[in-house]
> 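Once you've had a glance at the structure underneath, I'll fire off some questions.
Only heavy atoms go into these numbers, but all of them, side chains included; no hydrogens, no water, no symmetry mates. Sequential numbering from 1 along the given sequence is applied to the chain's residues.
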Amino acid sequence: MQPATNLTVKLNFDERNRLKALADAKKRTPHFLMKEAIARYIADEEAEQMAVKIASASIEHYKQTGLHVTLDEVKAWANAVKSNRNAKLTPCHE
């Protein structure tokens, strides 16, 4: 485990009071809530960046191959999954 490092976050008076009130209500420290919020934010941003990367790769693959699945095919598959978890999506085609 890596050692912890300090990081300063400047909050205005109102933000600090709101954080303290929330921490009190949750029986946690403001420090705990800030660490939790930062960890969630980082995870959300990393997931968004990964989604953009995957979408970009998908678009590039389509441009190179022309392979795709139509929206109607995806909708039909999504409806089929409701009654059959193992429903198969139509294979990619030109």
Side-chain angles (χ1 to χ4, degrees):
M1 186 173 177
Q2 294 181 342
T5 61
N6 291 329
L7 176 68
T8 301
V9 177
K10 292 185 179 185
L11 301 176
N12 66 36
F13 188 74
D14 183 53
E15 291 167 336
R16 187 176 181 141
N17 285 338
R18 290 169 57 205
L19 179 61
K20 175 75 170 107
L22 187 57
D24 290 344
K26 295 183 79 113
K27 297 184 178 19
R28 295 289 188 174
T29 64
H31 177 261
F32 177 90
L33 296 184
M34 287 186 291
K35 281 183 63 175
E36 184 179 71
I38 291 168
R40 286 183 185 181
Y41 177 81
I42 290 169
D44 288 350
E45 289 299 312
E46 288 173 339
E48 183 176 331
Q49 286 183 2
M50 182 57 71
V52 168
K53 183 178 177 180
I54 290 169
S56 294
S58 179
I59 291 168
E60 189 59 35
H61 183 265
Y62 169 73
K63 287 178 181 178
Q64 291 176 2
T65 66
L67 296 175
H68 67 282
V69 178
T70 67
L71 179 58
D72 288 337
E73 290 166 337
V74 172
K75 286 180 181 180
W77 169 77
N79 286 329
V81 167
K82 292 176 185 177
S83 60
N84 175 9
R85 289 182 71 177
N86 298 318
K88 300 293 184 209
L89 180 59
T90 302
C92 290
H93 53 82
E94 289 187 33

> Is the backbone of Ile54 close enough, under 3.5 Å, to the side chain of Ser58 for a donor and an acceptor to pair up by distance?
no

> Just how far is it from atom CZ of Phe13 to atom CZ of Arg18, taken to the nearest 0.5 Å?
13.0 Å

> What residues form a salt bridge (Lys or Arg N to Asp or Glu O under 4.0 Å) with Glu36, not counting sequence neighbours?
Arg40

> Could you check whether any side-chain N or O of Trp77 sits under 3.5 Å from a backbone N or O of Thr90, counting only pairs where one atom can act as donor and the other as acceptor?
no

> Just jot down the side chain to side chain contact (heavy atoms under 4.5 Å, CB included) partners of Asn79, sequence neighbours excluded, or say none.
Lys82

> Provide the closest heavy-atom pair for Thr29 versus Ala23 in the form atom of the first, atom of the second, distance.
C-CB, 3.7 Å

> Using the rule that Ile, Leu, Val, Met, Phe, Trp and Tyr join whenever any side-chain heavy atoms are under 4.5 Å apart, tell me whether Leu89 and Val81 fall into a single cluster.
yes

> Please give me the minimum heavy-atom distance between Leu67 and Glu94, naming the atom from each residue.
CD2-CG, 3.9 Å

> Check Lys20, Arg28, Lys26 against Asp24 for a side-chain hydrogen bond (donor to acceptor under 3.5 Å, both in side chains) and give me the one that passes.
Lys20

> Between CE of Met34 and CG of Leu7, what distance do you get to the nearest 0.5 Å?
9.5 Å

> Going from NZ on Lys75 to OG1 on Thr70, what distance comes out if it is rounded to the nearest 0.5 angstrom?
9.5 Å

> Shared ILVMFWY cluster between Leu22 and Leu11, side chains joined below 4.5 angstrom?
yes

> Are Leu19 and Phe32 grouped together when hydrophobic residues (ILVMFWY) are joined by side-chain heavy atoms under 4.5 angstrom apart?
yes

> Taking side chain to side chain contact (heavy atoms under 4.5 Å, CB included) as the definition, give me every residue that meets it alongside Glu60, ordered by chain and number, with sequence neighbours left out.
Lys63, Gln64

> Quick check against the 3.5 Å criterion: does His68 have a side-chain atom that pairs as donor or acceptor with the backbone of His93?
yes

